[in-house]
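Notes follow once the structure below has been shown.
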Amino acid sequence: KEFILGEINTFLTEQSRDVNGFFDIYWNGDFIQDFEVMETLRSDSMKASGSVLFIVVYLAIHTSSLLLSLGSLLLIMLSMPFAFVATALLSGSNILGGASFLSLFLII
């Protein structure tokens, strides 16, 4: 697993980014696909943190209160986990799929 994620995935990623290459490389596998999904989610989360920072600064300027802007953003972010818990309690299902983590980007 470590060899696939460390060596092979690095090689395939570098080769797929080569714009002067003569061919395209498509790959698939259990470890690689899960790893790529998590890497993409991590990368997008870092980009989303810049948006959150902008929103906090904008709210702080607009409301003239850093506490109010941070509190309102905290309430918005806590609404998604609360909705998951409420849905799980009401439906009786406790399954949380990978697509549920993408709801983080609905906040922004």
Interatomic distance, OG@Ser64 vs CG@Leu59, rounded to 0.5 Å, equals 11.5 Å
Side chains of residues 65-78: which donor-acceptor pairs under 3.5 Å do they make with residues two or more places apart or in other chains?
| residue | atom | partner | partner atom | Å |
| --- | --- | --- | --- | --- |
| Ser65 | OG | Leu68 | N | 3.1 |
| Ser69 | OG | Ser65 | O | 3.3 |
| Ser69 | OG | Leu66 | O | 2.8 |
| Ser72 | OG | Leu68 | O | 3.1 |
| Ser72 | OG | Ser69 | O | 2.9 |

Whether the side chain of Ser43 engages the backbone of Thr40 through a donor-acceptor N/O pair (distance < 3.5 Å, no angle test) should be reported. no
Distance (rounded to the nearest 0.5 Å) between Ser49 OG and Met46 CE: 5.0 Å
Determine, using the 4.5 Å side-chain heavy-atom cutoff (strictly less than), whether Ile61 and Tyr58 are members of one ILVMFWY cluster. no
